[in-house]
Amino acid sequence: MDERYAIILAAGKGTRMKSKLYKVLHPVCGKPMVEHIMNRVEEVNPKDVITVVGHGADEVKAQLGTRSEYALQAEQLGTGHAVMQAADFLKEKKGTTLVISGDTPLLTSETLDQLFEYHQAKGASATILTAQADDPNGYGRILRDHVGIVDKIVEQKDATPEEARVKEINTGTYCFDNELLFETLEKLTTDNAQGEYYLTDIIEILKENEQIVAAYQTDDFEESIGVNDRMALAQANEIMRKRINQQHMRNGVSFIDPKTTYIDEGVKIGAETLIEPGVALKGKTTIGENCAITQNSQITDSVIEDQVTVKSSTIEKSVVHSQADVGPYAHLRPQAEVNQKVHIGNFVEIKNAVIGEKTKVGHLTYVGDATLGKEINVGCGTVFVNYDGKNKHHTTVGDYSFIGSGVNLVGPVNIASNSCLAAGSTITDDVYENDMAIARARQVNKEGYAKRLPFLQ
Ligand code: UD1
Ligand code: CA
């Protein structure tokens, strides 16, 4: 097999996106488009990967890091000009170079592999990856001669009405003989409707030089969608979402309505888990087996172990251990660790806190900056008062303790195990093992006083 190289074109601004975010950084199912491309490119094992950057160069470099070398295209003079910028890295190397756009995030590595293989089998100098489009609008068209051999690619803006009717489109992905690619690039001109150095013109030049040009047509147009605007971005998301969800279903995950279930690429879900509509699973999230994630839950960068129920809740950067249940309408903020068989009920917020095994935090409670032991009962409306306006303070509660309803625990404070905090208490001092703390004003009953209240007359 020839040595493989890859050039990713990612210098364009993406004017049609009308966005401050550079086009190739727009996410599709949670990852920037250019990262999807990078992942696919790595799967076909190129020796070198050169990403051509320009608009948003620093941001694109920060995204891909050391996975690529970078060639700067200071001025965006067209796709041909962009490829020329990689000359310093690749020019005299022998092998096959894949050129791919940063805005075609749905291409699969299987298709890229097939493109390389077809290119080699045909002994071609260039092979274009093409597809049949129902609506070829916006793409370059593949023009073939009367026996079906590729003549050239014509851009939409340069096409005659007849050429524009052609439905075979250029996906913007190619394999080239590397040395010939850089030699031929020097012959490009800007004599076209957009006054740019079109990479696509290289096909005609190669043909004029008696080189073999091939076209490998994928049968899946959807794979080759180029994202130039937000309509195509939404479409790309929809297609990738469908792919991701189908893969989970193949692995034994149930969906009520996969169309309205939003799972980022890379999320892992165990078998027999049920995912209800409106659920979003984002970033680096793992869900175990036999879980139920009900309507509109949002889980980001979190680990949910087996047999957990999450009801309509939001979970960020947290861990929920097996057989726990969360919600409805709970919010686990970063660094919440909910241990086995814990019950987190409705309208409970937990932040930077560990909740020990079998502890129950049932209703309307805030637990921030705290360590709770096992089998504790936290009453309704309890607040861990962790912030004095300047600093955050930590509170601990030992195993088997009982916190009555409406208790404020003013941190820092330590509540030992087997202790009890009476309802309505504002706890500011440590409580020791087996003690009960009560910290509230005594009740006074004023006999007959209600009768004197004007609003009760
Ligand atoms: C290009 C092709 C078109 C093809 C389509 C497939 C050309 C002339 N046209 O059109 O035939 O059907 O892709 O999606 O190649 N870029 C740079 N520097 C530049 C210009 C572009 O790096 O100076 C990058 C962009 O960031 C983008 C890629 O190249 O990732 C393609 O550029 P774009 O402007 O989107 O080309 P299309 O008009 O879609
Ligand atoms: Ca494009």
Side-chain angles (χ1 to χ4, degrees), residues 6-17 19 21-26 28 32-38 41 50-57 59-60 63-64 68 70-86 99-107 126 128-133 135-143 150 152-159 163-164 166-174 176 185 188-204 215 217-218 221-233 235-236:
I7 302 174
I8 301 174
L9 305 184
K13 183 163 184 253
T15 313
R16 291 164 280 184
M17 296 293 280
S19 177
L21 186 66
Y22 302 104
K23 178 166 77 172
V24 298
L25 294 177
H26 275 266
V28 172
M33 292 198 272
V34 74
E35 197 181 330
H36 286 290
I37 297 290
M38 188 72 210
V41 163
I50 320 297
T51 303
V52 181
V53 293
H55 284 285
E59 290 84 346
V60 175
Q63 188 63 46
L64 300 179
S68 176
Y70 299 95
L72 182 70
Q73 185 192 25
E75 238 186 315
Q76 280 63 53
L77 304 178
T79 46
H81 181 258
V83 176
M84 282 180 218
Q85 311 312 306
V99 175
I100 190 166
S101 293
D103 66 351
T104 50
L106 297 166
L107 284 169
I128 313 159
L129 181 67
T130 76
Q132 284 290 336
D135 173 11
N137 250 307
Y139 294 92
R141 311 295 204 280
I142 306 295
L143 303 185
V150 177
K152 61 176 182 173
I153 302 171
V154 61
E155 286 306 292
Q156 166 140 342
K157 288 188 178 147
D158 300 277
E163 288 168 341
V166 171
K167 294 205 160 173
E168 189 181 10
I169 58 105
N170 169 27
T171 65
T173 316
Y174 323 78
F176 292 103
L185 280 170
L188 286 181
T189 67
T190 57
D191 183 17
N192 53 53
Q194 301 185 77
E196 288 182 356
Y197 294 97
Y198 288 166
L199 178 61
T200 45
D201 284 349
I202 212 170
I203 300 301
E204 207 180 351
Q217 191 177 315
T218 85
F221 167 72
E222 286 194 336
E223 243 194 64
S224 54
I225 284 175
V227 176
N228 294 327
D229 57 30
R230 305 228 188 201
M231 272 82 76
L233 182 65
Q235 205 185 354

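Both counts, for ligands and for their atoms, begin at 1 and track the order of listing.
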For the 3.5 Å polar cut-off, considering only N or O atoms, please tell me whether [X] and ligand 1 meet it.
X      : result
Leu9   : yes
Tyr139 : no
Tyr198 : no
Thr200 : no
Thr104 : no

For ligand 1, which atoms have a heavy atom of [X] less than 4.0 angstrom away?
X      : answer
Gly140 : 3 (C), 4 (C), 11 (O), 12 (O)
Gly102 : 30 (O)
Ala10  : 22 (O), 26 (O)
Thr171 : 6 (C), 14 (O)
Ala82  : 17 (C), 18 (N), 22 (O)
Lys23  : 35 (O)
Asn228 : 35 (O), 39 (O)

Which part of [X] is near ligand 1, with near meaning a heavy atom under 4.0 Å away: side chain, backbone, both or neither?
X      : result
Val52  : neither
Ser224 : neither
His81  : neither

For [atom], what's the nearest protein heavy-atom neighbour? Residue, atom name and distance, please.
atom                    : value
atom 12 (O) of ligand 1 : Asn170 O, 2.6 Å
atom 1 (C) of ligand 1  : Glu155 OE1, 4.5 Å
atom 20 (C) of ligand 1 : Gly78 C, 3.7 Å
atom 13 (O) of ligand 1 : Gly172 CA, 4.4 Å
atom 26 (O) of ligand 1 : Gly12 N, 2.8 Å
atom 7 (C) of ligand 1  : Thr79 OG1, 3.4 Å
atom 31 (C) of ligand 1 : Ser101 OG, 3.6 Å
atom 18 (N) of ligand 1 : Gln73 OE1, 2.6 Å

Do [X] and [Y] touch side chain to side chain, with heavy atoms closer than 4.5 Å?
X      : Y      : result
Ile153 : Glu155 : yes
Leu199 : Tyr174 : yes
Thr171 : Thr104 : no

Contact with ligand 1 for [X], non-hydrogen, under 4.0 angstrom:
X      : result
Arg16  : yes
Ile169 : no
Glu196 : no

Exercise. Under 3.0 Å from the Ca ion (ligand 2), how many protein N/O/S atoms do you get? Just the number, please.
Key: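 Counting protein N, O and S atoms closer than 3.0 Å to the Ca ion (ligand 2) gives 2.
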Practice problem: State the CD-CG distance between Gln63 and Leu25, to the nearest 0.5 angstrom. | Solution: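 These two atoms lie 6.0 Å from each other.
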